[in-house]
Amino acid sequence: MTKQYAPQDLQADKRYLLLLAEKFPNISAAATEIVNLQAILSLPKGTEHFLSDLHGESTAFHHVLKNASGVIRRKVDDIFGMTMRREDRDTLCSLIYYPCEKLEQVKSDGGIDLEDWYRTELFHVVAVARVVASKYTHSKVRRALPPEFAYVIEELLYESQTEEDKQSYYASLISSIVNIGRSEEFIIAISRLIHRLVIDTLHIVGDVYDRGPGACDIMESLCSYHDFDIQWGNHDISWMGAAVGNLALIANVVRISIRYANVETLEEGYSINLLPLATFAIDHYGMDPCERFQAQEFEDNSRMSRSKQLMAKMHKAISIIQFKLEGQIISRHPEYGMDDRMLLKAIDYDNGTITVDGQTYPLKDKLFPTIDPANPYVLSLEEEQLMSQLHHSFTHSEKLQKHIRCIYNHGSLYLVRNNCLLYHAAIPLDADGEFKSVGVGGKEYSGRALMDRIDKMVRTAYFGEAGSTEKAEAVDYMWYLWCGADSPLYNKDKMTTFERYFIDVDDVNREVKGSYYEYANGVETCEKIMKEFGLAPDKSRIINGHTPVRTMQGESPTRADGKRLVIDGGFSKPYHKTTGIAGYTLIYNSHGLQLVQHEAFESKEKAIEDGVDIHSRVQLEEFKYHRMLVRDTDRGRELQGQVENLEKLLQAYRNGLIKES
């Protein structure tokens, strides 16, 4: 029995119902859609995967997507664990993960009956696909099918094998695929269908960029992914600011890329021309050993596309330019309260010392050929020309602009979804643990209002009217978000980049975390934050990244009695020694939550040739008393609203308020 609505309610909604009637023009169409939506509401909730702090590790990222954080392997073991040898299950998994490459390997190895192998593996991959497709409607699965093979794959997925005649029909379909020479295409298509269905929604809790070499590849995959969102991290904001033309962030992006021997992302990924920087560095730092600016070394020496010495000179050259440009922003914006970061003014260039907080220290590097001591923040003519060229490269890189537009379109500073509050780093708190009042654009904000205002500021930097004061201020503010004390993406008292290069004294280099990091491990603070964002504390969670979890030192990703999960497990190789692992995935499916801990990924080649997988183990499991359905999710509430409107339309048809077409 559908709910009955008062005539005056229907009359009040008549204009909307008339619009709805254009799509559902009669009782039959409206009733059919109600039945369809009610069926969807009764399905199990789709699986959400949460990842954070990818930092350019594209190979590991893509493998985690392909194996769904170990979910596909567990399904293969569940289906075939009693009937298939372990090495054969390894082969099946690698075939599903990398179908094109695995098929080429099998063909090149020889020594097997290919037609028989195709026939066997088709049965296997279809069996896995049938399991992962079982929680979705036929129409959703159908939309994910390649049009060329949609009919046959649908028959393979939904034909019953319990009856003898159906078994014969099913075997006949498989044999026909093999006989007409389309086995490889079908295996590839079904494997990709498995990838598509096993992860319904992907959440990236910040920091795609910096350190690793594959951020461009990650973004290219995300931009074509079926359903993802990203909560901007501080490293993402740095690249977003560079893409909109913030000169200090352009210099920062280049500096970090050189520091981590990662210029290939700039040059090969985004066609950023670094030759002018190399020429400038040789001209002005040619005799400078630049010992403090050696790039980090990696096992993969191919990442060092230039000599170490030239990279060091480029590193120092762009660092000095960055410090000058940052000083210019600080001078333009006294409201940032960052005058203490004007360290180029604190240098005694004659004696090679610097005074910080009343204490004088000897500089570890005393050569500053491009700084005028009387005007240390003024760019030389050559530096201005160099930054003009880099500005043009960043703002006119077609692929970079495409990826940044994708980050804007799919991103936000925070996200509330299915009783989870996602943000990369912090909510600014004061010394008493209360929401801190922070000035943005001349007004004070705190809590959720602060996050909303900053989100708007970030969008103004990209979408604002060119040449407007609002856009210029927003572009400058992107730099503050990268390193400002009250930035929810950073939230430390200062960023000591200059000190690490030139002073190297622990007390001076220390970056003190904001109050959030002290209070957010407590239940009371987490519940207060949840309420601020409209969540019920008894059934909600906060999900953060940003701060690597040092498992070797006994740290846990679970904080505040499970109210907060920190899922930065160190995807980035430079963090592996610190964290002791190589990343986390949080999986939220209809049964509950699983936090999966990953070991380092050996290589794609090993996965294809030998069936080597990422070793993953479940760190946390929390199952619901009842299986979550679509109706229990945010999407379900939207669908229930649609059902209610359709029921009103149905009643309007039946009582003659609206005529059927």
Donor-acceptor side-chain pairing of [X] and [Y] below 3.5 angstrom:
X: Tyr501; Y: His315; answer: yes
X: Ser238; Y: Asn252; answer: yes
X: Asp568; Y: Ser52; answer: no
X: Ser221; Y: His62; answer: yes
X: Asp210; Y: Trp239; answer: yes

What pair of heavy atoms forms the shortest contact from Ala251 to Leu325, and how long is it? CB-CD1, 4.3 Å
Give the minimum heavy-atom separation between Pro334 and Ser331, together with the two atoms involved. CD-O, 3.8 Å
Stepwise ring pair (Phe, Tyr, Trp, His ring centres under 6.0 Å) check, Tyr516 with Phe435: CA-CA 9 Å; Tyr516 173 86; Phe435 293 118; 9.9 Å; no
Counting only heavy atoms not in [X], do more than 12 sit closer than 6.0 Å to its [atom1] atom?
X: Glu444; atom1: CD; value: yes
X: Glu465; atom1: CD; value: no
X: Asp506; atom1: CG; value: no
X: Asp561; atom1: CG; value: no
X: His226; atom1: NE2; value: yes

Taking side chain as C-beta onward, heavy atoms only, is [X] less than 4.5 Å from [Y]?
X: Pro557; Y: Leu595; value: yes
X: Ile542; Y: Ile529; value: yes
X: Lys443; Y: Arg453; value: no
X: Val208; Y: Ile407; value: no
X: Asn544; Y: Arg564; value: yes
X: Phe323; Y: Thr497; value: yes
X: Gln401; Y: His396; value: no

Could you go through the side-chain contact (heavy atoms from CB on, under 4.5 Å) check for His424 and Asn234 one step at a time? CA-CA 8 Å; His424 179 65; Asn234 53 320; 3.3 Å; yes
Please check this pair: side chain of [X] against backbone of [Y], looking for a donor-acceptor N/O pair closer than 3.5 Å.
X: Arg541; Y: Gly562; value: yes
X: His333; Y: Gln328; value: no
X: Ser487; Y: Cys483; value: no
X: Ser397; Y: Ser271; value: no
X: Asp229; Y: Leu415; value: no
X: Lys45; Y: Tyr588; value: yes
X: Lys528; Y: Gly433; value: yes
X: Gln231; Y: Gly411; value: no
X: Asp455; Y: Leu413; value: yes
X: Trp482; Y: Gly241; value: no

Proximity of His235 and Tyr209 rings by center, below 6.0 Å: no
Suppose we call two aromatic rings close when their centres sit under 6.0 Å apart. Are Phe228 and His410 close by that rule? yes
Glu48/Arg417 under salt bridge (charged side-chain N to carboxylate O under 4.0 Å, His left out): CA gap, chis, key distance, verdict: CA-CA 10 Å; Glu48 300 173 79; Arg417 178 71 57 83; 5.1 Å; no
In Å and rounded to the nearest 0.5 Å, what is the [atom1] to [atom2] distance from [X] to [Y]?
X: Ile256; Y: His55; atom1: CD1; atom2: NE2; result: 9.5 Å
X: Asp452; Y: Met457; atom1: CG; atom2: CE; result: 14.5 Å
X: Arg211; Y: Asn262; atom1: CZ; atom2: CG; result: 11.0 Å
X: Asn419; Y: Met628; atom1: CG; atom2: CE; result: 6.5 Å
X: Ile321; Y: Leu277; atom1: CD1; atom2: CG; result: 7.0 Å
X: Asn418; Y: Lys539; atom1: CG; atom2: NZ; result: 11.0 Å

Given Leu586 and Tyr584, is the side-chain contact (heavy atoms from CB on, under 4.5 Å) satisfied, shown in steps? CA-CA 7 Å; Leu586 182 66; Tyr584 289 116; over 6 Å; no
Please step through salt bridge (charged side-chain N to carboxylate O under 4.0 Å, His left out) for the pair Lys494 and Glu511, ending with a clear verdict. CA-CA 6 Å; Lys494 57 183 176 294; Glu511 298 170 346; over 6 Å; no
Passes side-chain contact (heavy atoms from CB on, under 4.5 Å), Glu326 versus Ile329? Steps please. CA-CA 5 Å; Glu326 289 177 338; Ile329 293 178; 5.7 Å; no
Could you check whether the rings of [X] and [Y] sit parallel, tilted or perpendicular, using 30° and 60° as the cut-offs?
X: Tyr414; Y: Phe533; value: perpendicular
X: Tyr270; Y: His403; value: perpendicular
X: Tyr97; Y: His63; value: perpendicular

Flag the pair Glu518 and Lys513 as a salt bridge only when some basic side-chain nitrogen lies within less than 4.0 angstrom of an acidic carboxylate oxygen. no
Can you tell whether the side chains of Glu473 and Arg332 come within less than 4.0 Å, N to carboxylate O? no
Output, in order, the C-alpha distance, side-chain angles, deciding distance and verdict of side chain to side chain donor-acceptor pair (under 3.5 Å) for Arg73 and Asn67. CA-CA 7 Å; Arg73 177 166 289 276; Asn67 81 349; over 6 Å; no
Apply salt bridge (charged side-chain N to carboxylate O under 4.0 Å, His left out) to residues Glu499 and Arg510 and explain how you reach the verdict. CA-CA 9 Å; Glu499 290 90 331; Arg510 186 174 295 113; over 6 Å; no
Would Ser319 and Phe293 count as a side-chain contact (heavy atoms from CB on, under 4.5 Å) if you check the C-alpha gap in whole Å, the side-chain angles of each, and the deciding distance to 0.1 Å? CA-CA 9 Å; Ser319 297; Phe293 293 87; 3.7 Å; yes
Walk me through it: do Tyr490 and Tyr480 pass the test ring pair (Phe, Tyr, Trp, His ring centres under 6.0 Å)? CA-CA 9 Å; Tyr490 185 63; Tyr480 181 85; 9.5 Å; no
